[in-house]
Undergrad: 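First, the structure itself, so that you have it in front of you.
Quick note: numbers below take in every heavy atom, side chains included, and nothing from hydrogens, waters or symmetry partners. Count residues from 1 along the sequence.
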Amino acid sequence: MVDQQRIAVVKWLSFIGIFFTALVMLVGAWTRLSDAGLGCPDWPGCYGQWVVPTADDAAIRYPAFPLEASKAWLEMLHRYVATMLGATVILLLWLGWTLRHVKQYPLHLSIILFVAITAQGAFGALTVTLKLWPQVVTLHLLGGMGILLLFVLLHCRLKAVQQNADRLPRRTSAHWWVVAVLLFCQIALGGWVSSNYAGISCQGFPSCNAQWWPEMDISEGFHLTQTVGPNYLHGQLHADARTAIHMTHRLGGGLLGVALMVLWWRYRHDSAARGLLMVLRIYGLQVGLGIASVVLWLPLWLALLHTAGAMALSVSYLIAWRQWRYSRMDKIAYRLNFPPAANYLSPDKASSHPEIVPLAANRQARYD
């Protein structure tokens, strides 16, 4: 009973972690879009203090960086919420360690989360110290998305442990992996667009600057080994390079849409069809938000919704994949009323597990 109560607490904490991660990502996007990423020139404090100082105190410590109080407070809000997220991860790891003896408890996910949040904190520091270097900013975004998905996966696993569901998964097919890779690349491209301030480098849709194939400098736009400059606020790339980044993001979105349609068509008669249909709906909404952001010149509220759409798309895809992966077990178990593991036990293993009724014996019992 004590273990079940602790598992319920940990599951509740994992949900809190999902909320905090989404909040950190949205506040981070708000900070970046408001040009407040360097509102505090140091880390982890702000002008050497844990709260935003007065303009006089800031000028004494960093005379080359005049204080803009609104931007500094926005940056510190981001750090405060991130600190609460880190505390949640540490608490999850501590409680998880006390439950490591529970069968199928996903302690490894808590450990991975702790490592990921530590690395994410390091990327947060580098984002400030390297003055918004696009490579680090993009990795920071990907790290946040990874943490969000880890929390969702942990929540799903804890739910299965709480229900004492002993399920064997299906092998993930290549179709799912292809879409997962494309989704990852599209999110990375979105981060690259944002960190290089290329969101409105293409005016109009579906054309770009009144051209179907505008002038682009792909080599400069995706020069990942560029040296660290003095300051990347507002970007340093020329127009053709930013256009190349923007157009690649558009093309990547179209390719992802085709792959999602193929995946849905492949499993349209499977139990995963409903989950994939939800993924397609969120994808369509995300495309609409992207088009509106370009046409309306990237207003803050639309850019934040576009970020939230990327999170929703990733989470919905993860949930659809998990439903597909375990759906066959649940369906057979419900229809034949026996533990799903029985379907997949070899005769030699079945003899060592008398509590599990094999499929043939179960069918025979139904006619006796």
Undergrad: Using the rule side chain to side chain contact (heavy atoms under 4.5 Å, CB included), only one of Ile245, Asp240, Leu237 pairs with Asp217; which is it?
TA: Asp240
Undergrad: Is there a donor-acceptor pair closer than 3.5 Å between any side-chain N or O of Asn196 and the backbone N or O of Gly235?
TA: no
Undergrad: Using 4.0 Å as the upper bound for N to carboxylate O, is an ion pair formed by Arg61 and Asp56?
TA: no
Undergrad: Examine Tyr80 together with Trp73 and report whether their ring centres are nearer than 6.0 Å.
TA: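 So the answer is no for these two rings.
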Undergrad: Any sub-3.5 Å donor-acceptor pair from Arg157's side-chain atoms to Pro106's backbone N or O?
TA: no
Undergrad: With a 4.5 Å heavy-atom cut-off, do Gln323 and Ser271 have their side chains touching?
TA: no
Undergrad: Taking the six-membered ring for Trp, are Phe15 and His155 parallel (under 30°), tilted (30 to 60°) or perpendicular (over 60°)?
TA: tilted
Undergrad: Aromatic rings Trp176 and Tyr317: how do their planes relate, parallel, tilted or perpendicular, breaks at 30° and 60°?
TA: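 Trp176 vs Tyr317 ring planes: tilted.
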Undergrad: By the definition side chain to side chain contact (heavy atoms under 4.5 Å, CB included), identify the one residue from Leu109, Ile117, Val10 that meets it with Leu92.
TA: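 One option only clears the test, and that one is Val10.
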Undergrad: Under 3.5 Å, is there a donor-acceptor pair between the side chain of Ser316 and the main chain of Leu313?
TA: yes
Undergrad: Does a side-chain heavy-atom distance below 4.5 Å link Tyr326 with Arg170?
TA: no
Undergrad: Where is the tightest heavy-atom contact between Gly253 and Tyr283, given as atom of each residue plus distance?
TA: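 Distance-wise, the nearest heavy atoms are O-OH, 2.6 Å.
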Undergrad: Do Met261 and Trp324 belong together in a cluster built from hydrophobic side chains that touch within less than 4.5 Å?
TA: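 In one cluster with Met261: Trp324, yes.
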Undergrad: Consider only side-chain N and O atoms of Trp321 and Thr172, and report whether a donor and an acceptor are under 3.5 Å apart.
TA: yes
Undergrad: Apply side chain to side chain donor-acceptor pair (under 3.5 Å) to residues His249 and Gln186 and explain how you reach the verdict.
TA: CA-CA 7 Å; His249 187 52; Gln186 185 64 5; 3.1 Å; yes
Undergrad: Do Arg281 side-chain atoms and Met278 backbone N/O form a donor-acceptor pair below 3.5 Å?
TA: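 No: the side chain of Arg281 does not pair with the backbone of Met278.
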Undergrad: Kindly give the heavy-atom pair with the smallest separation between Ala244 and Phe222, and that separation in Å.
TA: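 Distance-wise, the nearest heavy atoms are O-CE1, 4.1 Å.
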Undergrad: Would you say that Leu99 contacts Val102 through its side chain, given a criterion of any heavy-atom pair below 4.5 Å between the two side chains?
TA: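 A side-chain contact under 4.5 Å exists here.
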Undergrad: Distance check, rounded to the nearest 0.5 Å: Leu189 atom CG versus Leu251 atom CG?
TA: 10.0 Å
Undergrad: Just so I know, are the side chains of Met145 and Thr21 near enough to count as touching, which here means a heavy-atom distance under 4.5 Å?
TA: no
Undergrad: Going through the distances and angles, do Cys208 and Thr243 end up as a side chain to side chain contact (heavy atoms under 4.5 Å, CB included)?
TA: CA-CA 8 Å; Cys208 174; Thr243 301; 3.8 Å; yes
Undergrad: Side chains of Ile147 and Leu113, heavy atoms from C-beta outward: is any pair under 4.5 Å?
TA: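 Ile147 reaches Leu113 side chain to side chain.
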Undergrad: Measuring from atom OG of Ser14 to atom CD1 of Ile7, what distance do you get when rounded to the nearest 0.5 angstrom?
TA: 11.5 Å
Undergrad: Which residue is it: Leu77, Leu74, Leu67? I am looking for the one with a side chain to side chain contact (heavy atoms under 4.5 Å, CB included) to Val52.
TA: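 Answer after filtering Leu77, Leu74, Leu67: Leu67.
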Undergrad: Give the minimum heavy-atom separation between Pro44 and Met76, together with the two atoms involved.
TA: O-CE, 4.2 Å
Undergrad: When you measure from the centre of the six-membered ring of Trp265, is the NZ or CZ of Arg268 closer than 6.0 Å and no more than 45° off the axis?
TA: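 Judged by the rule (NZ or CZ under 6.0 Å from the ring centre, within 45° of its axis), Arg268 counts as positioned above Trp265.
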Undergrad: Rounded to the nearest 0.5 Å, how far does CG of Asp57 lie from OG1 of Thr54?
TA: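 Atom-to-atom, Thr54:OG1 and Asp57:CG are 3.5 Å apart.
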Undergrad: Once rounded to the nearest 0.5 Å, what's the spacing between atom CH2 of Trp264 and atom CG of Asp270?
TA: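 The CH2 atom of Trp264 sits 12.5 Å away from the CG atom of Asp270.
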Undergrad: Angle between ring planes, His140 versus Phe123, binned at 30° and 60°: parallel, tilted or perpendicular?
TA: tilted
Undergrad: Take Cys40 and Val128, measure what side chain to side chain contact (heavy atoms under 4.5 Å, CB included) needs, and give me the verdict at the end.
TA: CA-CA 8 Å; Cys40 295; Val128 175; over 6 Å; no
Undergrad: Please examine the side chains of Val178 and Val181, heavy atoms only from C-beta on, and report whether any two atoms are closer than 4.5 Å.
TA: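 The answer is no; the side chains never approach within 4.5 Å.
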Undergrad: Side chains of Thr225 and His223: donor-acceptor distance under 3.5 Å anywhere?
TA: yes
Undergrad: Considering only NZ, NE, NH1 and NH2 on the basic side and carboxylate oxygens on the acidic side, decide whether Glu75 and Arg79 come within less than 4.0 Å.
TA: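 Result for this pair is yes, salt bridge flagged.
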Undergrad: Examine distances only and state if a side-chain atom of Arg242 and a backbone atom of Tyr197 form a donor-acceptor pair shorter than 3.5 Å.
TA: yes
Undergrad: Between the main-chain N or O of Ala198 and the side-chain N or O of His246, is there a donor-acceptor pair closer than 3.5 Å?
TA: yes
Undergrad: CG of Leu263 to CH2 of Trp177: how many Å apart, nearest 0.5 Å?
TA: 13.0 Å
Undergrad: When rounded to the nearest 0.5 angstrom, what is the spacing between CD1 in Ile187 and CE in Met311?
TA: 10.5 Å
Undergrad: Assess whether side chain to side chain contact (heavy atoms under 4.5 Å, CB included) is satisfied between Ile200 and Val294, documenting all intermediate values.
TA: CA-CA 6 Å; Ile200 54 176; Val294 172; 6.0 Å; no
Undergrad: Does Leu141 form a side chain to side chain contact (heavy atoms under 4.5 Å, CB included) with Val137? I'd like the steps, not just the answer.
TA: CA-CA 6 Å; Leu141 170 68; Val137 174; 5.9 Å; no
Undergrad: Checking the side chain of Arg100 only, and the main-chain atoms of Trp97 only, is there a donor and an acceptor separated by less than 3.5 Å?
TA: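 Confirmed, Arg100 side chain pairs with Trp97 backbone.
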Undergrad: List the steps and the verdict of side chain to side chain donor-acceptor pair (under 3.5 Å) for Tyr267 and Ser173.
TA: CA-CA 11 Å; Tyr267 295 106; Ser173 66; 2.7 Å; yes
Undergrad: On a heavy-atom basis, which atom in Gly309 and which in Gln286 lie closest, and how many Å separate them?
TA: CA-OE1, 3.2 Å
Undergrad: Taking Gln236 for the side chain and Asn231 for the main chain, is one N or O donor matched with an acceptor at less than 3.5 Å?
TA: yes
Undergrad: Under 3.5 Å, is there a donor-acceptor pair between the side chain of Trp192 and the main chain of Gly221?
TA: yes
Undergrad: A side-chain contact here means heavy atoms from C-beta on lying under 4.5 Å apart; do Thr31 and Val27 qualify?
TA: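 When only atoms from C-beta onward are counted, Val27 and Thr31 do touch, with a gap below 4.5 Å.
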Undergrad: Does the side chain of Phe151 reach to within under 4.5 Å of the side chain of Phe20, using non-hydrogen atoms?
TA: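 No, their side chains stay 4.5 Å or more apart.
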Undergrad: Would you find a donor on one side and an acceptor on the other, under 3.5 Å apart, between the side chain of Asn209 and the backbone of Ser201?
TA: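 Here the side-chain-to-backbone pair exists.
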Undergrad: On a heavy-atom basis, which atom in Gly121 and which in Trp43 lie closest, and how many Å separate them?
TA: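 The pair with the smallest heavy-atom distance is O-CZ2, 3.7 Å.
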